[in-house]
Amino acid sequence: MLLTATIKFGSLLNALPGSVAQGLIWGILAIGVYMTFRLLDFADLTVDGSFATGAAVAVMLIRAGVSPWIAIVVAFAVGGLCGMVTGLLHTTLGIPGILASILTQISLYSINLTIMGKANQPVVAQEGKYLLASLGYVNNKDAFVKTLFFVGLIVGLIVLISVTYWFFGTEIGQAIRATGCNENMSRAQGINVNFMKVVTLMISNAFFGLSGALYAQYQGAADVQMGRGAIVIGLAAVIIGEVLFGSFCAKQKMAFWYTLVSVVIGSILYFIVYATVIWLRLPSELMKMFSAIIVAIFLAIPYLKAKYTKAPPVKAAAAPVPEKAQEEAKKE
Amino acid sequence: MSEYMLELRDIHKVFNRGTINEKTALCGLNLNLNAGDFVTIIGGNGAGKSTMLNAIAGVWPVDGGQIVIGGNDVTKLPEHKRAVFLGRVFQDPMTGTAATMSIEENLALASRRGKHKTLRWGVTKQEKELYRQKLSELDLGLEDRLSSKVGLLSGGQRQAITLLMAAFQNPDLLLLDEHTAALDPKTAAKVLEISDKIVEKNKLTALMVTHNMKDAITHGNRLIMMHEGHVIYDVSGEEKKALHVSDLLKRFEEASGGHFANDRMMLAN
């Protein structure tokens, strides 16, 4: 009995590196979700389409003999175009954000089928080339290949996180955060909020495209369905990261940098939970429902907290606090 | 070039045109402001006071007329492009600042109002020194809290910061839209005092909407009364200083046939 349990636990441990790799690749997507959902306050469902679009574009390019490096750059750019479509539908045509993103997502389904020619296209390394990600690297007997893959992914993510951190500290990034926080104030301060929305949607969807391009290589195929529910996984990663590391991140000097890291860790944890669910022989077809329930619960918590904790009376809150302290200081 | 700092020429605005909720908000509104004018605006509910400020700021396009600020015709400019000429403070202390951003970041946004946004870092070291100095002039102890999130501050503190932001680039025109109405009396008095100080120090041209007639008389150099979307009374200088609340009430009653007796303006005194 004990022996079989040990073997079984061993199988979970065996699955862990794969979960970490998946979590890192989806972590790119989660960073994009953080940008739109948290910084811009925009529920962008384009991701379900643009993730698969990035995958489709990269796979078809690699199959045509293009370098995987160029393929992911193109997937990044095409993802950005998907975000631009959503942004323009919303800002220039006045379509509500969530609906605009659904319209883009639905049309991307057709576009992805057109790009691939059929619902599923496998990808293998072409002669003399290598894929940038692969399940084969994770299970590789050669420790060097395995290490190189993980170190490469982690370094890549740190670079992405650092660039994101820098960008949102610049004048444009600050204007984007202001737009997400308070549109009236932003317009009063001369910020073109429509422009900022389109820019953010382009960047986040470029991240989605990149994530999809890597994930297709990892699983060895692009599939027209692979983006389904991506937004929920991305949100789950964001929320797991915030719940577990939120207070730690807030204390750091570069709080936003740590927050982005915690979002990626949230993504890794999500896939470890997923592997555990499968290991426990729980019905894995329920996983998406579990994810949705987890996201719903954690999105509801701040709302319910605000509703049922007594808010301080408005007038007491409106009085400038330090005034009294100053008066007392003067007396002394 | 126009000699006035602000010119409103025959402004018209109707909301919900053609529906059961149709409301004529501005109707043949004319107003000229000299540079340095500090004008208080009073009038009943629905007289068009806030609507006038929103028309100037470009929250929506007007149906007719022309708006000229500092010699620039801004009638067709969108809100964010007019911002370069304007400083605005709103009734709700939450509206004027970004709660999730720090004090220094909010001020940095104001110091870049109307300027092309680049990929340069959002707040520089030299700026922080300037912000600290400007905040210390408010005398609210905010100069040591540059990196605090604005959402942690009280309504009065937020309104004071919004004022600082509004005046940051010496705008052609400062728009104060009942900016003390949501504050308790003591805080309101403090924020009004800061407003006076900022207007005076920077020699700003300002429009201040208020429901408090006493404030309307004691602040500024000119007072206008609005009714049904246009100006019905315009008084300045010595004549304004000599006004009493009872004079204004009488004017109201004349204009509206006694309706103002029930207005909340009465209660505001």
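Letters go in sequence order (proteins before strands), and every chain restarts at 1. Worth saying up front: this structure is predicted, and the values here are computed from it rather than measured.
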If every non-hydrogen atom of [X] is compared with every non-hydrogen atom of [Y], which pair is closest and at what distance?
| X | Y | result |
| --- | --- | --- |
| B:L109 | A:A178 | CD1-CB, 3.6 Å |
| B:W121 | A:W166 | CZ3-O, 3.4 Å |
| A:A188 | B:F90 | CB-CZ, 3.9 Å |
| A:Q189 | B:A83 | C-CB, 4.0 Å |
| B:A99 | A:C181 | N-SG, 3.3 Å |

Does any heavy atom of chain B fall under 4.5 Å from the side chain of A:F167, the backbone, both, or neither of them?
->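 For A:F167, the side chain is the part near chain B, not the backbone.
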
Report the option among A:V193, A:N184, A:N192 that has the most heavy-atom pairs separated by less than 4.5 Å from atoms of chain B.
->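 When all of A:V193, A:N184, A:N192 are compared, A:N192 has the most.
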
Hey, which of [options] has the most heavy atom pairs under 4.5 Å with chain A?
| options | value |
| --- | --- |
| B:G58, B:P78, B:A110 | B:A110 |
| B:T162, B:L119, B:T100 | B:L119 |
| B:R112, B:R88, B:Q169, B:M94 | B:R112 |
| B:L86, B:T97, B:V84 | B:T97 |

Quick one: does A:E171's side chain have a donor or acceptor within less than 3.5 Å of a partner on B:R120's backbone?
-> no

Rounded to the nearest 0.5 Å, what's the gap from NE2 on B:H80 to CE on A:M196? Could you check?
->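 Atom-to-atom, B:H80:NE2 and A:M196:CE are 9.0 Å apart.
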
Please flag which part of B:V123 lies under 4.5 Å from any non-hydrogen atom of chain A: side chain, backbone, both or neither.
-> both

More than 12 heavy atoms from other groups under 6.0 Å of [atom1] on [X]:
| X | atom1 | result |
| --- | --- | --- |
| B:E200 | CD | no |
| B:F168 | CZ | yes |
| A:F245 | CZ | yes |

Just one of B:R113, B:E79, B:K117 clears the side-chain contact (heavy atoms from CB on, under 4.5 Å) bar with A:I191, so which one?
->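 For A:I191, the side-chain contact (heavy atoms from CB on, under 4.5 Å) check succeeds only for B:K117.
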
